[in-house]
Amino acid sequence: MRIEADTAKCCGAGMCALTDPDLFDQSEEDGTVLVLVTEPGPEHHATAREAAALCPAGAITVHG
């Protein structure tokens, strides 16, 4: 699995960081998504997909 985020699309809702704070955080400067782990272990696959699905801007893409 690989996680990508498009910060230009991000609206700073923070659903990703709330869903899995081990994988996502928000920039202190503008509140946009920060991907902390681009290739997470299997224990985070479900929450990574959930975070992508919950993102209101569609800024998070999960491959694999």
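Because the structure is predicted, anything quoted here is derived from the model rather than measured.
Here the closest heavy-atom approach between residue Cys10 and residue Thr32 is recorded as SG-CA, 3.6 Å. Nearest heavy-atom pair, Ala13 versus Pro56, reported as atom, atom and distance to 0.1 Å: CB-CG, 3.7 Å. Heavy atoms only, all atoms of each residue included: Met1 and Gly64 are closest at CE-O, 4.2 Å.
Interatomic distance, Glu39 CD to Leu23 CG, rounded to the nearest 0.5 Å: 12.0 Å. How far NE2 of His63 is from OG1 of Thr38: 11.0 Å, rounded to the nearest 0.5 Å. If you take OG1 on Thr7 and CG on Leu34, they are separated by 9.0 Å, rounding to the nearest 0.5 Å.
Heavy-atom neighbours of Glu28 CD from other residues, nucleotides or ligands within 6.0 Å: at or below the threshold of 12.
Under the 4.5 Å side-chain heavy-atom criterion for Ile, Leu, Val, Met, Phe, Trp and Tyr, Leu36 and Phe24 are members of the same hydrophobic cluster. By the criterion of side-chain heavy atoms lying less than 4.5 angstrom apart, applied directly or through intervening Ile, Leu, Val, Met, Phe, Trp or Tyr residues, Val37 is grouped together with Ile60 in one hydrophobic cluster.
The backbone N or O of Asp22 lies less than 3.5 Å from no partner atom in the side chain of His44, so there is not a single donor-acceptor pair. In terms of modelled atom types and a separation under 3.5 Å, the side chain of Gln26 and the main chain of Gly12 share a donor-acceptor contact.
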